[in-house]
Protein chains: 2
Amino acid sequence: MTRRAKFRQITIDEIKSLARLQMAEGGTASLSLNAIAKHMGMSGPALYRYFESRDALITALIVEAYEALANALEETAARFADQPVRDCLRQVLLTYRRWALDHPIDFQLIFGNPIPGYQAEEKITAPTAGKVFAPILKILQRAYQQENRPYPSFLENLPPQLQVHLSHSMREFQPSLPEKVVYIGIVGWYHIHGMIMLELFNHIQPLISDPATFYSNEIERLMDQMNL
Amino acid sequence: MTRRAKFRQITIDEIKSLARLQMAEGGTASLSLNAIAKHMGMSGPALYRYFESRDALITALIVEAYEALANALEETAARFADQPVRDCLRQVLLTYRRWALDHPIDFQLIFGNPIPGYQAEEKITAPTAGKVFAPILKILQRAYQQENRPYPSFLENLPPQLQVHLSHSMREFQPSLPEKVVYIGIVGWYHIHGMIMLELFNHIQPLISDPATFYSNEIERLMDQMNL
DNA sequence: TCACATAAGTTATAATATATAACTTATGTT
DNA sequence: AACATAAGTTATATATTATAACTTATGTGA
């Protein structure tokens, strides 16, 4: 890498870092290229050498957020891979919540409403999205395929028109994954996700005194349902 | 109501209506007072006679959204009040999804990320928030208190530090509501909510071919868990 | 009916935002 | 050393929210 390219990378990183900081203070849409430039000691238009537009910067941040979350989950899964399935999955799901609370802005970028005016470039963001779900699927695969645990009873009478399909990018990670495993994963993920979204946007606090305990408790209940 | 006040109300309604229309096209944050005024054939600053600021307009829209959702749920609950609990609850939960899909902007205003720069005026929005949850609690109360259905088994060994408390405004609607009923309601609501948020933001479609069937199926599973 | 307060609009202006164009300076390579 | 290009600059166009000052329309009380 040339010296110039190195400096360029540093500048790009600083821009993204400041953008994150700005959003942390005023929400995902309080992003001002001008303010970033000013803070870095240069004029506004200079930023356009590094990002084509405000949306391009946002897209970069979204991709990074996806990757960071996926990495956090994968890392936890790897660290507890030799533990029983239930313990491993518990840790991964705890990491999921922990990461969301620690990185509310990144989580909103991934799962919240679209930013004003911002048109998601799905070609860029979609492939990374699958990575988030992959570690959870991997654990479930271990449970139901390697360890041959019985499938939960609620899978028995599913309506036939309910087709589950993995996106192309996800298929690459998990080549031979039974529909049932995917379905269990989806059901679990949605439950988890609902709790976290509500907690993140302060809809849980008026009802539950201790969201952490509630979450832990629901995880256990969920894993009970999954026969884990 | 004087003639002038009537015209004023019409103008206010038109502003709100156009605001909704604008958001429907470009997301919750693509709200331009100027554009609204222009569309109504008047200058930008004229709008400030009707709304103190952009945030005041947003707050009004949020309150209306809460009320509209609560009304939709209540209406459904009333229409199926003489049916068995399970049938009534099913219809209410279907209405919940239907309303969210039919009014994605209003749903985002209530449950999505905060709009850039917008500071929620919780004094105004909080009291109405309770109304959304009320119809569901009412149905559960009927099941477990009037009809004396047994509580689901997952309530048996809850950790003692897990306190459930209703906000003040909600207490007024439901004076004597056992903690257990509230807890069941919360658990169910979160599950439902997770599915709808993910569907609304297009995170469900890459995985599930038929979200409606999936949702229906999950409702049944949920009510099974609730002993309904 | 007329006088007058106020409601409801106007234009002008300030402060910021994204973004483009045209120009200058620094950097690295041939 | 010459030169292409990267990386910055200022100037400008066009939005945005919002305030100030001013004008016109409306409704009411004397």
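As a basis for the values below, the full set of heavy atoms in this structure was taken, side chains included, without hydrogen atoms, waters or symmetry mates. Remember, it's a predicted structure, so these values are computed and weren't measured experimentally. First the proteins, then the strands, lettered A, B, ... as listed; each starts at 1.
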Extract all donor-acceptor atom pairs below 3.5 Å that involve side chains of residues 41-53 of chain A and protein atoms in other chains or at least two apart in sequence.
| residue | atom | partner | partner atom | Å |
| --- | --- | --- | --- | --- |
| A/Ser53 | OG | A/Asp55 | N | 3.3 |
| A/Ser53 | OG | A/Ala56 | N | 3.2 |

> What one-letter contact string describes nucleotides 4-22 of chain C from 5' to 3', where B marks a base within less than 4.0 Å of any protein heavy atom, S marks contact via sugar-phosphate atoms alone, and - marks no contact?
Replying inline: ---SBBBBB----SBBBB-

>> Going by the rule ring pair (Phe, Tyr, Trp, His ring centres under 6.0 Å), which residues pair with B/Phe214 if we only count those two or more places apart in sequence or in a different chain?
In response: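 Counting only residues at least two positions away or on another chain, B/Phe214 forms a ring pair (Phe, Tyr, Trp, His ring centres under 6.0 Å) with A/Tyr183, A/Tyr190.
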
>> Rounded to whole Å, please give me the gap between NE2 in B/His39 and C1' in D/dT16.
In response: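 B/His39 atom NE2 is separated from D/dT16 atom C1' by 18 Å.
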
> Among pairs that include at least one residue of residues 187-208 of chain B, which meet salt bridge (charged side-chain N to carboxylate O under 4.0 Å, His left out), considering only residues two or more places apart or in two chains?
Replying inline: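 Those involving residues 187-208 of chain B are B/Arg97-B/Glu199.
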
> For residues 207-219 of chain A, which residue pairs qualify under salt bridge (charged side-chain N to carboxylate O under 4.0 Å, His left out), counting only residues two or more places apart or in two chains?
Replying inline: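 Salt bridge (charged side-chain N to carboxylate O under 4.0 Å, His left out) check on residues 207-219 of chain A returns A/Glu218-A/Arg221.
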
>> Using the side-chain hydrogen bond (donor to acceptor under 3.5 Å, both in side chains) criterion, which residues pair with B/Glu75? Sequence neighbours excluded.
In response: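 Result, side-chain hydrogen bond (donor to acceptor under 3.5 Å, both in side chains) vs B/Glu75: none returned.
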
